[in-house]
Amino acid sequence: MTYAKILGTGSYLPAKTLSNHDLAKIVDTSDEWITTRTGIKTRHIAADNEKCSDLAVAAAQNALEAAGVDAAEIDLIVVATSTPDMQFPATATIVQQKLGISGCPAFDVQAVCAGFMYAITTANAYIKSGMAKKALVIGADVFSRIMDWTDRRTCVLFGDGAGAVVLGASDEPGILHSKLLADGNYGYLLQTPGWIANGAVCGTPFLQMDGPGVFKFAVKALAKVAEDVIAEAGLTPEQIDWLVPHQANYRILESTAKHLKLGMEKVVLTVQDHGNTSAASIPLALDWGVRHGSIQRGHTLLLEGIGGGFAWGAVLVKY
Ligand code: ACO
């Protein structure tokens with residue numbers, strides 16, 4: 001049986017940081033409010049000349065190095081983003097060009113904060129079916145570009161960053177099981193309802209959110225998908241070594257851990273330092289866990305995330 005195994009992980013965070021105290025100088029908020037409600041203390045913000053593809057390439061190079069894989073060996077690139085460099089071409093093809101390679105399929109998937117779950121599941125299917133041998137899967141977002149910096153209800157929550165994994169075909173277990181879901185009926189809870197037409201930006205190009213509505217939906221949906229993916233793989237929650245959740249809000253990820261009866265010492269936590277980096281958040285947390293020595297070869301990981309759409313999913317991995 002062929003598995004997609006994680007050969008290496010990587011990440012990139014822009015140099016500039018924005019703390020809760022910095023934010024309190026631009027909107028009517030406080031470190032106390034943000035920390036209590038979300039767990040976030042600071043986040044990274046891309047420089048004016050840094051595009052989504054720049055963050056993605058830096059994370060990809062970091063992952064290729066960790067995997068000991070040359071960019072020329074990559075035969076699939078999937079980038080999860082909802083803040084691409086431009087309307088088209090896909091950010092994945094820009095990443096491909098910046099990595100100095102050509103020929104292999106390269107495309108974006110757009111499932112907002114669940115983007116990395118969709119991207120890694122797609123790459124897994126390519127590898128299992130023999131359509132690819134070594135895939136680069138990247139989550140990269142620059143949500144600072146779609147923030148209304150006068151709206152305290154949203155601008156305190158997000159940050160910029162990128163994370164990546166190199167997947168390789170292997171006889172040893174890698175991705176064990178995956179489950180993706182979506183329900184467009186709830187799209188109104190979280191959206192950036194802007195588009196380009198006739199040479200102008202139409203609609204609203206800033207992120208809009210019903211915070212409490214998102215919170216309620218996310219807690220329920222994540223608990224169910226996490227439980228289902230574990231049961232469908234024939235495992236039990238006690239067999240999970242690390243929960244690597246989408247880092248939106250401490251209270252949401254705590255609630256998933258509680259539902260699975262996993263102690264918080266088994267949860268990779270980066271939300272305090274990164275904020276919500278959308279599609280980048282899961283691979284960023286994964287790379288953090290690997291580089292800090294928490295996640296070790298042989299560990300069983302549960303990755304899970306949810307975002308606008310609504311779209312959500314979970315992936316079980318033998319690292
Ligand atoms: N600073 C100070 N006060 C604020 C701020 C802020 N940054 N933002 C909102 N408030 C005020 C509101 O105006 C409101 O005041 P009012 O009662 O006088 O009207 C009060 O705080 C309470 O507002 P709520 O929206 O009810 O606050 P809540 O406790 O629900 O917390 C939050 C808001 C943190 C957004 C929460 O709903 C949440 O985390 N939701 C999930 C959102 C999320 O994670 N989105 C990310 C994208 S989706 C995803 O990744 C899963």
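When a ligand or atom number is given, it counts from 1 through the structure's own listing order.
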Judged on heavy-atom distance to [atom], which of [options] sits nearest?
{"atom": "atom 13 (O) of ligand 1", "options": "R152, E32, M209", "value": "R152"}
{"atom": "atom 23 (O) of ligand 1", "options": "R37, Q247, R153", "value": "R37"}
{"atom": "atom 26 (O) of ligand 1", "options": "G305, G307, P212", "value": "P212"}
{"atom": "atom 3 (N) of ligand 1", "options": "F217, W33, Y250, F310", "value": "W33"}

#### Entry: Residues that T35 engages under side chain to side chain contact (heavy atoms under 4.5 Å, CB included), provided they are two or more places apart
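Only N20, D31, K41 meet the side chain to side chain contact (heavy atoms under 4.5 Å, CB included) criterion with T35.
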### Query
Could a heavy atom of I306 be found less than 4.0 Å from some atom of ligand 1?
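Yes, that is the case, since the closest heavy atom of the residue is under 4.0 Å from the ligand.
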### Query
Do ligand 1 and V214 have nitrogen or oxygen atoms that lie under 3.5 Å from each other?
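Such a contact does not occur with ligand 1.
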### Task
Before signing off on this row, confirm whether T38 and ligand 1 have an N or O atom pair separated by under 3.5 Å.
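No.
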### Task
For the pair R152 and D28, find out whether any cationic side-chain nitrogen is under 4.0 Å from an anionic carboxylate oxygen.
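Here R152 pairs with D28 in a salt bridge, since their nearest N and O are under 4.0 Å apart.
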#### Entry: W312-F217 aromatic ring centre distance below 6.0 Å
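Yes, the ring centres sit under 6.0 Å apart.
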### Task
Sorted by first residue and then second, give each salt bridge (charged side-chain N to carboxylate O under 4.0 Å, His left out) pair with at least one member in residues 271-296; sequence neighbours left out.
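Passing the test, one end in residues 271-296: D287-R291.
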#### Entry: Spacing of I127 atom CD1 and L167 atom CG [to the nearest 0.5 Å]
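CG of L167 is found 4.5 Å from CD1 of I127.
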